[in-house]
Amino acid sequence: MLLIGQISDYFFDELLETYNSREIDSLLLIVVKEILNLNYAEFIINKQKILAKKDYLMIVEIVKKLKKNIPIEYILKKCEFNGLPFYVDKNVLIPRQETEELVEWIKQHDFNLALDIGTGSGCIPIAISKYKKTSFTAIDISASAIEIAKNNARKNEVYIDFFVADINSYEPNKKFDLIVSNPPYLTKDESIYMHNNVLLNEPKSAIFVENDDPTFFYKTISFFSLNNLNKGGMLFLEINPKFCEETIEIFKKNKFVNIELKKDLNNRNRMLKAVLN
Ligand SMILES: C[S@@+](CC[C@H](N)C(=O)[O-])C[C@H]1O[C@@H](n2cnc3c(N)ncnc32)[C@H](O)[C@@H]1O
């Protein structure tokens, strides 16, 4: 028999080899909220109560998966992006905080027809459409990602035109006022700096590009946008801070002007805006 307060010791005993104390605290609060529906204050107040057996068994299963480095979002099959609920599983990237910053930047602009390239869970067009009236198209090369994105749009009650398509060959039947993309941009060499829960679980095709062509997607998107963005149309991209200068050069060479950069919370150049001249 375990008391609710003892979940904390159980987490630290089981997970300290895999996570640091701050990460364990944060995982504990997520699990307590999910399984017991208690926030932090309620968890403290209820510490002396007995943990029901079915809740204990669910917690044990979650801890087993956490020990295998499976991200909590994939274990619970959900995450929050821009305050909205999203279903996620191993077929889509778990939306990141820097992408929320990109979305906040885009929300400050006026546009009507928009395209998201490499939509994954659909987080970008869904969060923007929930906030402002736009007509969004979104593509991804992965059919499983598009299925998930469609479900997320339904869950959040917005309409997005989703297509399975490869940006290298996609031919839309209209031009856009805005194109956004968070394409794969980390080189395989950069994987040595990454946590195992990303490396072992998230789809590699959503994250990595070849070492010898780190700006591959920016070249493709630049070429695509020249033909499919209205004159004066805007491009918003998440970029690799390591190849910031090379990325800017691609857009400068291809008739894009007013190039602006935005830093992420770690003060690294992570977002780019450019306007088609
Ligand atoms: C970094 S993830 C971004 C996912 C989502 N937009 C987000 O911000 O969380 C990149 C996405 O691009 C998709 N992708 C990769 N290559 C692609 C291609 N050639 N054409 C279209 N989408 C592609 C991947 O399947 C993946 O979902």
Side-chain angles (χ1 to χ4, degrees), residues 71 73-74 77-107 114-130 136-153 156 158 160-172 176 178-188 190-191 194 198-199 201-210 213-225 228 235-243 247 262 264 270-272:
E73 293 86 349
Y74 287 164
K77 301 243 183 310
K78 59 160 122 170
C79 72
E80 210 179 86
F81 181 82
N82 245 250
L84 300 170
F86 281 81
Y87 170 93
V88 286
D89 67 26
K90 62 180 173 38
N91 291 298
V92 291
L93 188 89
I94 299 165
R96 304 293 204 268
Q97 197 170 8
E98 43 271 32
T99 311
E100 289 190 319
E101 294 174 45
L102 181 69
V103 162
E104 286 308 322
W105 197 14
I106 296 172
K107 281 179 179 174
L115 170 71
D116 178 29
I117 300 169
T119 199
S121 63
C123 58
I124 297 175
I126 292 171
I128 295 171
S129 300
K130 197 74 192 168
F136 243 110
T137 301
I139 64 162
D140 202 289
I141 197 167
S142 153
S144 325
I146 288 295
E147 271 316 298
I148 290 172
K150 280 183 182 170
N151 283 334
N152 279 328
N156 283 291
V158 291
I160 316 280
D161 235 348
F162 287 110
F163 297 104
V164 178
D166 180 343
I167 187 56
N168 296 292
S169 53
Y170 176 53
E171 290 181 3
F176 300 97
L178 182 145
I179 293 177
V180 53
S181 185
N182 172 19
Y185 61 70
L186 293 175
T187 57
K188 291 181 178 160
E190 289 172 271
S191 64
M194 293 171 81
V198 176
L199 281 180
N201 295 285
E202 296 200 81
K204 295 198 174 36
S205 58
I207 301 178
F208 293 112
V209 284
E210 296 302 327
D213 200 2
T215 55
F216 170 79
F217 277 100
Y218 300 99
K219 286 183 274 197
T220 308
I221 291 170
S222 162
F223 180 70
F224 174 88
S225 303
N228 296 293
L235 192 58
F236 283 87
L237 302 168
E238 206 170 300
I239 60 167
N240 186 339
K242 215 174 140 192
F243 300 103
T247 309
K262 234 189 203 312
D264 61 17
R270 179 75 65 180
M271 289 153 270
L272 179 147

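Treat the numbers as computed from the prediction; the structure is a model and nothing was measured. One-based numbering along the sequence shown. When a ligand or atom number is given, it counts from 1 through the structure's own listing order.
Residue-level proximity to ligand 1 for A145 is absent, since no heavy atom of it falls below 4.0 angstrom. Contacts between A165 and ligand 1 below 4.0 angstrom, taking non-hydrogen atoms only, involve the backbone exclusively. Residue contacts with ligand 1, taken as heavy atom pairs separated by less than 4.0 Å, do not involve Y170 at all. Contacts of P203 with ligand 1, taken as heavy-atom pairs under 4.0 Å, are absent altogether.
Here the NZ atom belonging to K150 is positioned 9.5 Å from the CG atom belonging to D161, to the nearest 0.5 angstrom.
D140 contributes no side-chain N or O that, together with a main-chain N or O of I146, makes up a donor-acceptor pair within less than 3.5 Å. Here the side chain of N182 pairs no donor or acceptor atom with the backbone of G118 at under 3.5 angstrom. Listed for the N152 side chain is a donor-acceptor partner under 3.5 Å among the backbone atoms of Y87. In this structure, the side chain of N156 does not engage the main chain of V158 through any donor-acceptor pair within 3.5 Å.
In this structure, atom 16 (N) of ligand 1 lies nearest to the protein heavy atom F217 CZ, 3.4 Å. Here the protein heavy atom with the shortest distance to atom 23 (C) of ligand 1 is I141 CG2, 3.6 Å. Given atom 8 (O) of ligand 1, the protein heavy atom at minimum distance is N182 ND2, 2.9 Å. Annotation: atom 5 (C) of ligand 1 to nearest protein heavy atom, T119 O, 3.3 Å. At the shortest separation from atom 20 (N) of ligand 1 among protein heavy atoms lies I167 N, 3.0 Å. Nearest protein neighbour of atom 6 (N) of ligand 1, counting heavy atoms only, is G118 O, 2.8 Å. Of all protein heavy atoms, the one lying nearest to atom 25 (O) of ligand 1 is D140 OD1, 2.7 Å. Regarding atom 2 (S) of ligand 1, its nearest protein heavy-atom neighbour is A206 O, 3.3 Å.
Between E238 and R270 there is no salt bridge, since none of the side-chain N atoms of the basic residue sits less than 4.0 Å from a carboxylate O of the acidic one. Using a 4.0 Å cut-off between a side-chain N of Lys or Arg and a carboxylate O of Asp or Glu, E202 and R96 qualify as a salt bridge.
Residues Y185 and Y218 meet the side-chain proximity criterion, which asks for heavy atoms closer than 4.5 Å. Here the side chains of T119 and P125 are in contact, with some heavy-atom distance below 4.5 Å.
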Report the C-alpha distance between E147 and N91 in whole Å, list the side-chain angles of each, state the deciding distance to 0.1 Å, and finish with yes or no for side chain to side chain donor-acceptor pair (under 3.5 Å).
CA-CA 10 Å; E147 271 316 298; N91 291 298; over 6 Å; no
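Every atom of ligand 1 with a heavy atom of D166 under 4.0 Å away is listed here by number and element: 18 (C), 19 (N), 20 (N). When each atom of ligand 1 is checked for a heavy atom of N168 under 4.0 Å away, the hits are 19 (N). For ligand 1 and S205, the ligand atoms under 4.0 Å from any heavy atom of the residue are 15 (C). Counting atoms of ligand 1 from 1 in the listed order, those under 4.0 Å from a heavy atom of C123 are 7 (C), 8 (O), 9 (O).
Note on ring orientation: taking the six-membered ring where Trp is involved, the planes of F81 and F86 are perpendicular (angle over 60°, cut-offs 30° and 60°).
Ligand 1 does not have S121 within reach: every non-hydrogen atom of the residue lies 4.0 Å or more from it.
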